[in-house]
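For reference, the structure is listed below as structure tokens.
The sequence lines fix the lettering, A, B, ..., with proteins before strands; numbering per chain opens at 1.
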Amino acid sequence: MYNTSANRLSSAFHALSDPTRRAILARLVSGEATVSELMEPFELSQPTISKHLKVLESAGLIEGGRDAQRRPRRLAPLAMKDIADWIEPFRQQWESRFKNLDAHLANIKKREK
Amino acid sequence: MPAQSPARAKTDLEIDRRTHTIRLTRVFDASRAQIFEAWTQPVQVTCWWDAAGGPLTACEIDLRPGGAFKFVTKSHPEMPFAGTYREIAPPDRLVFEALGATGRVVLRDVVGKTHMTVEIECRSAEHLDQYLKSGVDVGTSQTLDNLVTYARRRLVAVS
């Protein structure tokens, strides 16, 4: 299914690049759900949901049964955690930088008053 | 309703694998002109660039297309953030090249505040992976190794 682990990583990021798929993952954080349970909050058709689930599944981010109609999907916890851990230091670096910028801009405002 | 970053975080991070682009967004309580100046005046950049919090030990800015810049932090003097300006369009757009990637700062007015987007466009998927790792302290590459190991384990399980 995956030629290399780099491909595997790449497909995980591709899966995460779509806002609907990120929203589906966010929904699955609070517990497993079937296709029909996912259709309602997202107001999407069954084929559309199934298509997104297929992308998430082949990226290894969620797990589920073969019967696309009934078997509930759940998060593959290890995959999600590893991806989050990997990006987190980078995000934190920019978060600190922007926090500094925020404080700096507040100082400037104060001085101008 | 896209998935959100942790609630305490004010900076949103998005990774677009298709265009090899990292996108950071945040809202600031300041005007576009103030933020543009904070990005382009050495005396100001010095105050906020280092994520560790201290002032920069050197900050050189030649603000014109083709002009060079160099930000040096106290903690990593061997890894300056250096590059060349491409487009200088105050108060809403600054484009530069650094570490082999194209950086774009875009500022938009949002009712008295400013929405800032910083895009880092890499050359390839590999370059993006490398960029995410660069300049970030130890621990990160270990996590990447774990992720690769995990992918291999799955590979075995699938085949």
Q | Partners passing side chain to side chain donor-acceptor pair (under 3.5 Å) against B/R123 (at least two apart in sequence or in another chain) | A | none

Q.
Angle between ring planes, B/Y85 versus B/F69, binned at 30° and 60°: parallel, tilted or perpendicular?
A. tilted

Contact part of [X] toward chain A, heavy-atom cut-off under 4.5 Å: side chain, backbone, both or neither?
X      : value
B/Q44  : both
B/Q34  : both
B/I35  : both
B/V118 : side chain

Q: Give the intermediate values and the outcome of side chain to side chain contact (heavy atoms under 4.5 Å, CB included) for residues B/I120 and B/Y131.
A: CA-CA 9 Å; B/I120 302 163; B/Y131 199 98; 3.6 Å; yes

Q.
Looking at B/F28, I'd like to know if the NZ or CZ of B/R26 sits under 6.0 Å from its six-membered ring centre while staying within 45 degrees of the ring's axis.
A. yes

Q) Would you find a donor on one side and an acceptor on the other, under 3.5 Å apart, between the side chain of A/N100 and the backbone of B/D50? A) yes

Q.
So for A/L101, is it side chain, backbone, both, or neither that comes closer than 4.5 Å to the heavy atoms of chain B?
A. both

